[in-house]
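The structure under discussion appears below in the form of structure tokens.
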Amino acid sequence: MAEIPAEQVQRRRRKVLEVRNLRVHYETPTGDVIAVAGIDFDLYDGETLGLVGESGSGKSTAAYGILKLVQPPGRIVEGDVTLDGDELVHMNDSSFRQIRWTKLALIPQGAMNSLNPTMRVHRQITDAIEAHEGKQDKEALRERVLELFRMVGLPQRVYNMFPHELSGGMKQRVCIAMGIALHPTVVIADESTSALDVVVQRVVAQTMLRVKQALGVSMIMIGHDMGLMAQMVDRIAVMYAGKLVEVAPVETIFDEPMHPYSQVLIESIPSLKERKPLKITEGITHDPRNPPPGCIFQLRCPHVMERCRSEAPPLRELLMRHEVACHLYNDDGSLIEGAKLEAAS
Amino acid sequence: MAPPVLEIRNATKVYRTSGGFLSPKKEVVALQDYSLTIEKQPASITTIAGESGSGKTTLANVVLGFTPLTSGQILFHGQDLATMNRRQLLHYRRNVQAVFQDPFGVYNPFYRIEHVFHTVIRHFKLAESESQMRDMIEEALNVVGLHGVDVLRKYPHQLSGGQRQRIMMARVYLIKPEVIVADEPVSMVDASLRAAILEAMLGLRDELGVSFLYITHDLSTAYQVGDRINILYQGSVAETGTTVQVIDRPQHPYVQLLVDSVPAPDPAEKWDTEIELPDEEVLRSATSTGCRFYPRCPQRMDRCLEALPPLYDIDGRGHEAACYLYEDEAQMASAP
């Protein structure tokens with residue numbers, strides 16, 4: 001890993017985004033589906049946070065909650081999101097529109113469907129710029145768009161093209177260019193590379209890394225590919241059934257995961273290094289409308305105890321910068337008496 | 001020696017668009033001169049890997065008989081699929097089964113899980129009595145690590161994606177085919193549940209002698225379970241060999257790029273080089289006669305434009321790459 005200069009270390013102690021007790025529900029005829037069940041996390045200046053979890057864990061919904069893009073029947077039930085001192089959840093729509101793109105931007109999942117097929121590429125970007133900064137000189141705008149293209153590695157001729165003339169990788173780069181057009185403080189990338197072939201994925205991922213370095217933005221990367229996470233993020237937040245179960249630096253999650261679900265997640269990553277026996281985990285998650293009392297992972301947990309069935313474990317900082325929501329550990333991070341992690345796994 | 005279970009000989013599939021308003025007629029070669037042999041013994045898992053557009057799904061479609069070949073043959077125990085009569089085709093379909101990518105779309109949501117089994121048992125007349133049927137279903141579920149009481153009376157939406165995909169494996173087990181074409185069977189299943197499906201595949205191979213065509217874009221899972229691997233690039237084989245040979249020591253420049261691009265799940269091992277992609281225009285102008293990888297190849301030579309390179313045997317042990325870089329080595333390896 002590259003050395004981090006002291007000045008950057010200072011910067012990294014500053015929180016740019018604070019999420020507190022965010023809850024998002026989807027209304028269904030048979031009761032609310034609890035997609036995000038009250039999560040807390042911080043994003044520090046200049047860092048990339050990976051939000052990982054399986055499909056249905058609520059990771060995308062959490063991101064859309066932060067962006068206030070949750071569509072009915074979904075709604076933000078409660079919670080606070082603070083971006084650079086501004087509270088977002090209760091902010092009125094017109095003020096929030098000012099913040100979207102300029103302070104908080106999204107690079108969406110399917111770049112294929114995120115661009116207007118009837119608009120040339122440059123218009124989609126200049127529209128966003130002019131909507132925020134007002135009418136501008138044509139030539140200056142053009143220069144700005146081309147500069148963005150250079151940054152994300154798009155050739156100049158893309159300027160006048162329509163989205164359907166671009167490959168998947170290029171469309172994804174147009175979306176990156178749009179995301180950074182107004183120099184946002186925080187960019188949220190929702191599975192931005194998961195629909196791409198592996199070689200193209202690597203090119204786009206490296207583009208994102210480079211752009212992030214150059215602009216010094218903070219980023220939340222949502223995904224399920226642990227390989228990609230290992231390459232790109234500084235910290236990882238593991239989500240399961242709407243809750244955060246573990247938050248720690250990326251190296252810690254890979255080397256010493258503490259929550260039983262994170263352990264399963266790490267052990268089931270296939271590697272190109274060794275052919276290892278497959279680690280099988282069973283299970284089905286609970287009905288999201290009706291979570292059981294206690295820990296959300298109890299139905300699949302290999303170490304489940306009596307206490308887990310009645311009392312939900314809070315997310316606690318057990319070790320330096322290492323938060324875990326599990327009854328297996330004491331407050332100092334040691335295993336509780338009688339717990340045998342090794343034997344059971 | 002008995003003919004192999006399945007043999008694909010020089011299979012070529014060309015898709016033609018009829019052309020329409022404002023669009024000229026186009027020909028797309030989805031699969032070119034592709035050959036593959038699957039022997040009866042020992043049963044094996046052959047991985048077909050490649051990026052989108054490499055022809056891997058076309059291969060699945062022609063093997064399953066969904067679409068005819070433009071030229072070439074598919075032989076099942078020596079008999080050509082194209083010349084089979086109705087009865088022989090039924091026999092073929094029974095012995096070459098499929099497991100598809102989407103474990104959500106293959107179920108009828110109105111029926112309980114048991115319906116899947118009842119249908120197939122009735123169709124192929126597998127059981128003579130109710131009790132025999134129940135025993136067969138239970139046995140099949142046990143092979144994939146499930147129990148009848150847990151799943152049979154449930155509806156598809158009550159099961160996880162991994163369980164649904166394993167039930168598809170159990171259904172296939174009932175039929176006891178010789179070959180299973182598995183088209184991306186784990187790509188829509190969450191990572192923590194994939195292992196159970198791959199384990200079910202290994203069980204079918206070892207206990208029942210079923211061979212697999214495992215079609216995937218995911219080299220990591222192929223590395224865990226595959227015996228041999230074929231890496232396709234734009235319709236033809238770039239490299240083939242045992243999975244370990246190819247992934248540990250890739251030879252073809254495309255395969256080297258591909259293996260190198262798989263993100264290592266280890267934060268201590270970050271990408272240290274940047275790779276570039278050529279323009280789309282360059283890619284589209286790829287020659288139709290020469291090597292398809294020419295526009296992107298870092299080691300391209302003039303002769304790569306002349307003709308599609310054949311597969312050269314690199315080490316005399318079945319590791320082959322379709323690249324002129326290995327022409328000399330192949331000659332040396334074949335010399336006495």
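Chain A is the first sequence line, chain B the second, and so forth, proteins listed ahead of strands; every chain is numbered from 1. Here the structure is a predicted model, which means the values were calculated and not measured.
Around the CZ atom of B:R317, the shell of radius 6.0 Å holds no more than 12 heavy atoms that belong to other residues, nucleotides or ligands. With a 6.0 Å radius and a threshold of 12 heavy atoms from other residues, nucleotides or ligands, B:Y111 has its OH atom at or below the threshold.
In this structure, the side chain of A:Q231 engages the main chain of B:A264 through a donor-acceptor pair within 3.5 Å. Looking at B:E51, its side chain never comes within 3.5 Å of a backbone N or O of A:V198 through a donor-acceptor pair.
For A:D255, no part sits under 4.5 Å from any heavy atom of chain B, backbone or side chain. Proximity to chain A involves both the backbone and the side chain of B:L258, based on heavy atoms less than 4.5 angstrom apart.
Residues satisfying the side-chain hydrogen bond (donor to acceptor under 3.5 Å, both in side chains) test with A:R120, not counting sequence neighbours, are none. Under the side-chain hydrogen bond (donor to acceptor under 3.5 Å, both in side chains) criterion, B:T243 pairs with no residue, sequence neighbours left out.
In this structure, the side chains of B:P263 and A:Q201 come closer than 4.5 Å at one or more pairs of heavy atoms. Taking 4.5 Å as the limit, some side-chain heavy atom of B:P265 sits within range of a side-chain heavy atom of A:F254.
Looking at every heavy atom in both residues, B:S220 comes nearest to A:L272 through CA-CD2, 3.8 Å. Of all heavy-atom pairs between A:A230 and B:K270, the closest is O-CE, 3.0 Å.
In summary, of the residues considered (A:V233, A:I253, A:V250), a side chain to side chain contact (heavy atoms under 4.5 Å, CB included) with B:P267 occurs for A:V250 alone.
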### Task
Determine, step by step, whether A:R202 and B:D260 satisfy the side chain to side chain contact (heavy atoms under 4.5 Å, CB included) criterion, reporting the C-alpha distance in whole Å, the side-chain angles of both residues, the deciding distance to 0.1 Å, and the verdict.
CA-CA 9 Å; A:R202 172 168 171 182; B:D260 194 39; 3.1 Å; yes
